[in-house]
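Quick notes on the structure that follows.
Values below: all heavy atoms of this structure, side chains included; hydrogens, waters and symmetry mates excluded.
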Protein chains: 2
Amino acid sequence: MSDELLRALDQAGVRLTGPRREIAALIAKRNGHFTAADLIADASKRRLGVGRATIFRLLDLLAEQGLVERVDLPDGRHAYVPCEPSHHHHLVCVSCGAIAEVDDCGIDAVTAEASRRSGFSIESHRLELFGRCPNCRSAN
Amino acid sequence: MSDELLRALDQAGVRLTGPRREIAALIAKRNGHFTAADLIADASKRRLGVGRATIFRLLDLLAEQGLVERVDLPDGRHAYVPCEPSHHHHLVCVSCGAIAEVDDCGIDAVTAEASRRSGFSIESHRLELFGRCPNCRSAN
DNA sequence: GATTGATCCGATACTTAGTCTCATTAGAGT
DNA sequence: ACTCTAATGAGACTAAGTATCGGATCAATC
C-alpha cells in the first residue's frame, strides 16, 4: 500500500499534500518497476490534474529518501523501483517487469578484488540483474 | 588509436566512410568515458560537418559490435566507454572520468546466489563500479 | 477556527537526448 | 569509370527532464 511511502515522507519532514498522496497511491498500485512516463500516463488517465513537474519532483524526493531507486533498464530507459531504504540490488524480470530485492550476497568480495587489481578506490557500485521471475519461467 | 575501431568496423562489413573515420578519431582522442553530447560538441568545434544523427548511428553500430559500451553514470546520464568486445565490467573514476576494465572476478557466484534465493533465472547483469583512479587518489 | 508564511502546486516555456525521414552523396566491388 | 547500395546531413519531430513563477495549500501557532 501507499501508506508506507506516506509515512516515510511524513517522517522526512515534508508536507503530505494531496498530489503526493495521489502519486503515492499510483506507485503502490504498480507492482514492479515503472517509469516516470508511466506515472504521468496513469495520472492523466484518471484526470488527477497533477502536473508533470510534480511527478518528477516527487520521484526525486523519494529517490533522495531511498524509498525508490533508479534502475537503468537494458534498453537504456530509466525506471524506478519502490524499495527499502537499505543498500541492496534489484532483480528485474525482463518479461513482466516484476522486481525482487537482493541484499549483498558476496559483492563486497568482488569490489575488493577489482580494487586490488586496478588500484582504484571504490566508492560505490551499481549492480542490476535481469532475468525471468518464477511466474514467467513457468508460464513460458 | 582509432585504427582499432576502424579495423573492427571494416571487419564487421560496413563501409569505412569519412565521417566514421573522423568520429572514430574523436573517440580515440578521449581517454575514458564520453557522452554522445561530448562527441557532438567535439565535432562541431572542429567544424567537421558531421550530423548529430551520424554520431548516434555510429555509436549504435559500435555498441552492437561491442567496441563501445553504454554506461550509466551515477547522475543518470548515459555515457559510452570504448572497450574490448568480451564480457567485462567497468570501473569509472568519478573524479577524472578515466575507466578501467575488470573481468569477471567472482560475480558469477553472486548471480548464482541471487538466483537461488529469488527463484529468478538470470539472463544478464550489469555491474558498474565508481571510485577514484590511482592518479586522482594521490592528487587529492 | 482564523492567520500566516514557508512549502508546494500546475502551467508552461525551455533544454537536452535521441529518432525518423528523405533527397543527396559517396564507398567499394566490378 | 560505373553502378548500386549503404551512408550522409539537414532538419523536423518526439520524449525526457528542468526552470520559472504567480498562485494555492498545508500545518504550526495563536
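Within 4.0 Å of A/Arg20, counting heavy atoms only, lie sugar-phosphate atoms of the nucleic acid but no base atom.
For the pair A/Arg21 and D/dT25, the criterion of a side-chain N or O lying under 4.0 Å from OP1 or OP2 is not met. For B/Thr17 and D/dT8, the shortest distance from a side-chain N or O to OP1 or OP2 is below 4.0 Å.
The side-chain hydrogen bond (donor to acceptor under 3.5 Å, both in side chains) test with A/His89 is passed by exactly one of A/His125, A/Glu128, A/Glu69: A/His125.
A/Phe56 has its CZ atom 7 Å from the P atom of D/dA16, to the nearest Å. Following rounding to the nearest Å, A/Ile40 (CD1) and C/dA11 (P) show an atom-to-atom distance of 13 Å. In this structure, the CZ atom of A/Arg57 is 11 Å from the P atom of C/dA11, given to the nearest Å. Following rounding to the nearest Å, B/Asp60 (CG) and C/dG18 (P) show an atom-to-atom distance of 10 Å. Counting to the nearest Å, the C1' atom of D/dG17 and the CG atom of B/Asp72 are 16 Å from each other. A straight line from CG of B/Leu61 to C1' of C/dT19 spans 16 Å, rounded to a whole angstrom. Atom CZ of B/Arg77 is separated from atom C1' of C/dT15 by 15 Å (rounded to the nearest Å). Whole-Å rounding puts the A/Arg52 CZ to D/dA15 P distance at 11 Å.
Between the side chains of B/Thr35 and B/Asp38, at least one donor-acceptor pair of N or O atoms lies under 3.5 Å.
Here the side chain of A/Arg126 pairs no donor or acceptor atom with the backbone of A/Asp72 at under 3.5 angstrom. A distance-only check finds a donor-acceptor pair linking the side chain of A/Glu101 to the backbone of A/Glu84 [under 3.5 Å].
Nucleotides of DNA chain D nearest to B/Gly13 and B/Ala53 differ in position, and the one nearer the 5' end is that of B/Gly13. Along DNA chain C, the nucleotide nearest to B/Val14 and the one nearest to B/His78 differ in position, and the one closer to the 5' end is contacted by B/His78. If you find the closest nucleotide of DNA chain C to B/Ala37 and to A/Gly49, the one lying nearer the 5' end belongs to A/Gly49.
Taking 3.5 Å as the limit, the base of D/dA7 and the side chain of B/Arg15 contain no donor-acceptor pair of atoms between them.
Using a cut-off of 4.0 Å between Lys/Arg side-chain N and Asp/Glu carboxylate O, A/Glu113 and A/Arg116 are scored as salt-bridged.
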